[in-house]
J.: 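I have a structure here, written as structure tokens, and I will follow up with some questions on it.
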There are 2 protein chains.
Amino acid sequence: MKNCSDAWLEKLSLAKNSPIYPKGQFIFMEGSLVMGAYFILKGKVKVISSSLDGKEHTVRLAREGHMLGHTAIGMEKYSIGAVTLTDSQVCFIDNQTLQAAFMENPKFTFEVMRFYSRELRKSEIRTKCLALMNNEEKVILGLLYIADNYLPDPNDNQVEINLSRQEIAQIIGTNSEQVSRVLSSLKKDGLIETHERAILLCDIRKLKEVISHYAFATQY
Amino acid sequence: MKNCSDAWLEKLSLAKNSPIYPKGQFIFMEGSLVMGAYFILKGKVKVISSSLDGKEHTVRLAREGHMLGHTAIGMEKYSIGAVTLTDSQVCFIDNQTLQAAFMENPKFTFEVMRFYSRELRKSEIRTKCLALMNNEEKVILGLLYIADNYLPDPNDNQVEINLSRQEIAQIIGTNSEQVSRVLSSLKKDGLIETHERAILLCDIRKLKEVISHYAFATQY
DNA sequence: ACCCAAACCTGCGATTTCGCAGATATTTTT
DNA sequence: AAAAATATCTGCGAAATCGCAGGTTTGGGT
């Protein structure tokens, strides 16, 4: 992400002093005051948003190199929250420094713009899929979405996922019962295995085939 | 949008020669080759994406000042299509010119980045709502989303919408029958009126109240 | 003014989803 | 290691959604 800026790398390289948040920790909460933006140096993070009735939805997963919270700049409060899914090192950059970095590093700004435009495309694909798919397809989509965010090498065909049924449900907008049902069915078909709470996607390519009639669904 | 660039305004002001697309016309189609990006100078546009089974989904509405198709830069083909909803004047900018404009006008790039980050936030709110809402709420959300894109003044409390039931259904991921049913019910409650095919939202604020328990649902 | 095609409305049965509830399994605490 | 708390799985009836079918209205052309 920041291989685009120059002397600014130094300024930003307070990075090395960035705190490590343990798993399950809030980086910032919905409703808190906006002071700046965050870069993920290491780890996995979920971006969440709540409805008044207490339900919580996971709007996005993020990983190393991703930027968080910048959308809120110009607003008073964050309209989303961010929670670590694994131990994560996160670098905070205040508004003014970030603004100055943008103005003096066009390439950096350009890359951030491209990041957001790609994330927008991904979000739109997700919206479309969640709007058109049935439960089983949504769960598979969710698993693949998580896998994409966890996989080091996109060519790998297996990955282990360590999220609760509830957390998976919040990603695709359903409840834990539905997720359980689909997981049982997928297990019967040999597409996944479960060891204790962990879910092993045995054959990612085959899972993608199941929902392949939704063009671009697997384009994360 | 472009009050951010400088001498480039001239270069880009071939704008004045930009073609006017009649209502219902494709600006670019899913699968066609990527040559550059488009700015909407005047009019309303829908961004669509299809599944293999022929269903079509409207992923985004756009209006004056919005940018289209830039996400695709770096890819070979567009993964989305764009269709005019009203007669619209649209300016085309080829990849190279756009790239150069970005590099020489940091403020311009910055504003485009903010545009995409806001659109991402909007898309995520939409995803959340469509995932959690029932049919009636989705239709209301869709009407308000359309209204937002059509209203000249955000303080107005009334607006007339001229889209078919099918088109509304494609925005919220349902079918025209469901939309009809909900519209009938809203008409009975006096929240909307229909004249011929047009839909008049009589009281936008009251409609927003109906779905207000979804925090931020009306934050477009 | 008439006709035709397309869009719209609405009833109804089939299907899917929902969500509680109880059984089982896993993790944490004592 | 036992007990308590939490998470998961699965059955089942209730509710919502789906999609066809048939009747009605609208828009455009002749």
Side-chain angles (χ1 to χ4, degrees), chain A residues 22-24 51 53-58 85 129-143 146 160-189 191-200 210-211, chain B residues 22-24 51 53-58 85-86 129-143 146 160-189 191-200 210-211 214:
Chain A
K23 173 178 175 174
S51 329
D53 58 355
K55 281 186 189 171
E56 205 166 76
H57 188 73
T58 298
L85 292 172
C129 287
L130 293 181
L132 299 178
M133 284 177 168
N134 65 25
N135 252 330
E136 186 190 31
E137 294 167 328
K138 283 186 199 175
V139 172
I140 294 176
L141 181 80
L143 293 175
I146 296 164
E160 195 175 86
I161 290 175
N162 247 308
L163 298 180
S164 71
R165 310 294 176 264
Q166 178 69 23
E167 279 176 312
I168 296 172
Q170 284 170 348
I171 291 172
I172 58 177
T174 183
N175 52 37
S176 55
E177 291 99 319
Q178 309 297 326
V179 174
S180 272
R181 276 187 254 271
V182 175
L183 289 182
S184 297
S185 151
L186 290 177
K187 197 155 77 174
K188 209 176 294 172
D189 297 346
L191 288 167
I192 65 170
E193 285 171 27
T194 59
H195 302 107
E196 273 87 69
R197 202 143 289 171
I199 302 166
L200 175 70
V210 179
I211 56 169
Chain B
K23 174 179 176 172
S51 329
D53 57 356
K55 280 185 191 174
E56 204 165 77
H57 187 73
T58 298
L85 293 173
T86 64
C129 288
L130 293 181
L132 299 178
M133 283 176 168
N134 65 26
N135 251 329
E136 187 190 28
E137 294 167 328
K138 284 187 201 175
V139 172
I140 295 176
L141 182 80
L143 292 176
I146 296 164
E160 196 175 86
I161 291 174
N162 247 309
L163 299 180
S164 71
R165 309 294 177 264
Q166 178 69 22
E167 279 177 311
I168 296 172
Q170 285 170 348
I171 291 172
I172 58 176
T174 184
N175 52 38
S176 56
E177 291 98 321
Q178 309 298 325
V179 174
S180 273
R181 277 187 254 272
V182 175
L183 289 183
S184 298
S185 151
L186 290 177
K187 197 155 76 174
K188 210 176 293 172
D189 297 345
L191 287 166
I192 65 169
E193 286 172 26
T194 58
H195 301 109
E196 272 89 68
R197 204 143 287 176
I199 301 166
L200 174 70
V210 179
I211 57 171
Y214 287 89

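We name chains A, B, ... by the order of the sequence lines, and we start the count at 1 in each one. These values consider heavy atoms only, across backbone and side chains, with no hydrogens, waters or symmetry-generated copies.
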J.: Of all the heavy-atom pairs spanning A/Ile172 and A/Gly142, show the shortest one and how long it is.
T.: CG2-CA, 3.7 Å
J.: Write out a two-atom table: protein N or O, nucleotide N or O from nucleotides 12-17 of chain D, distance below 3.5 Å.
T.:
{"unit_1": "D/dT17", "atom_1": "OP1", "unit_2": "B/Asn135", "atom_2": "N", "d": "2.9"}

J.: Which atoms form the tightest heavy-atom contact between A/His57 and A/Gln170, and what is the distance?
T.: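 Where A/His57 meets A/Gln170 most closely, the heavy atoms are ND1-O, 3.0 Å.
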J.: How long is the line joining NE2 of B/His195 and P of D/dT25, in whole Å?
T.: 17 Å
J.: For A/Lys138 and A/Leu130, what are the C-alpha separation, side-chain angles and deciding distance, and is it a side-chain contact (heavy atoms from CB on, under 4.5 Å)?
T.: CA-CA 6 Å; A/Lys138 283 186 199 175; A/Leu130 293 181; 3.9 Å; yes
J.: If you pin A/Ala131 and A/Ser184 to their nearest nucleotides in DNA chain D, which one's is more 5'?
T.: A/Ser184
J.: Quick one: salt bridge (Lys or Arg N to Asp or Glu O under 4.0 Å) partners of A/Glu167, sequence neighbours excluded?
T.: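 Expected list: A/Lys46.
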J.: What pairs with A/Ser184 under side chain to side chain donor-acceptor pair (under 3.5 Å), at least two apart in sequence or on another chain?
T.: none
J.: Specify the closest pair of heavy atoms between A/Ala169 and A/Ser176, including all atoms of both residues, with the distance to one decimal.
T.: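 What the structure gives for the nearest pair is CB-N, 3.8 Å.
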J.: With side chains defined as the heavy atoms from C-beta onward, is the minimum distance between B/Asn162 and B/Glu160 less than 4.5 Å?
T.: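 Yes, at least one pair of side-chain atoms sits under 4.5 Å.
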J.: Would you classify A/Glu177 as touching base, sugar-phosphate or nothing, given that sugar-phosphate means primed atoms plus P, OP1 and OP2, and contacts are heavy atoms under 4.0 Å?
T.: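 Result for A/Glu177 = base.
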J.: Any salt bridge (Lys or Arg N to Asp or Glu O under 4.0 Å) pairs touching residues 172-187 of chain A, not counting sequence neighbours?
T.: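 Not a single pair qualifies under salt bridge (Lys or Arg N to Asp or Glu O under 4.0 Å).
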J.: Taking five pairs at each end, how big is the angle between the two axes of the helix from C/dA1-D/dT30 to C/dT30-D/dA1, to 10°?
T.: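 Answer for the end axes of this duplex: 50°.
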J.: In chain order, what residues pass the side chain to side chain contact (heavy atoms under 4.5 Å, CB included) check against A/Lys23, with sequence neighbours excluded?
T.: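 A/Lys23 satisfies side chain to side chain contact (heavy atoms under 4.5 Å, CB included) with A/Asp87 only.
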J.: Suppose we screen for side chain to side chain contact (heavy atoms under 4.5 Å, CB included). Which residues come up paired with B/Glu136, at least two apart in sequence or across chains?
T.: B/Asn134, B/Ile140, B/Val182, B/Ser185, B/Leu186
J.: With sequence neighbours left out, write down each residue that passes side chain to side chain donor-acceptor pair (under 3.5 Å) with B/Gln178, or none if nothing qualifies.
T.: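 In terms of side chain to side chain donor-acceptor pair (under 3.5 Å), with neighbours along the sequence ignored, B/Gln178 is linked to B/Asn135.
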J.: Return the residues of residues 160-173 of chain A meeting this criterion: a heavy atom under 4.0 Å from some atom of DNA chain C. Order them by number, or give none.
T.: none
J.: With heavy atoms of chain B within less than 4.0 Å as the criterion, where does contact along DNA chain C begin and end?
T.: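 Listed 5' to 3', the contact boundaries are C/dA7 to C/dC12.
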J.: Round to a whole Å and report the spacing from CG of A/Leu186 to P of D/dT8.
T.: 16 Å
J.: Using every non-hydrogen atom in the two residues, find where A/Arg165 and A/Arg197 come nearest and quote the distance to one decimal.
T.: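 So the minimum-distance heavy-atom pair works out to NH1-O, 3.6 Å.
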J.: Would you indicate whether the side-chain heavy atoms of A/Thr174 and A/Val179 approach each other to under 4.5 Å?
T.: yes
J.: Using the closest heavy atom to pick a nucleotide of DNA chain C for each, name whichever of A/Arg197 or B/Val179 lands nearer the 5' end.
T.: B/Val179
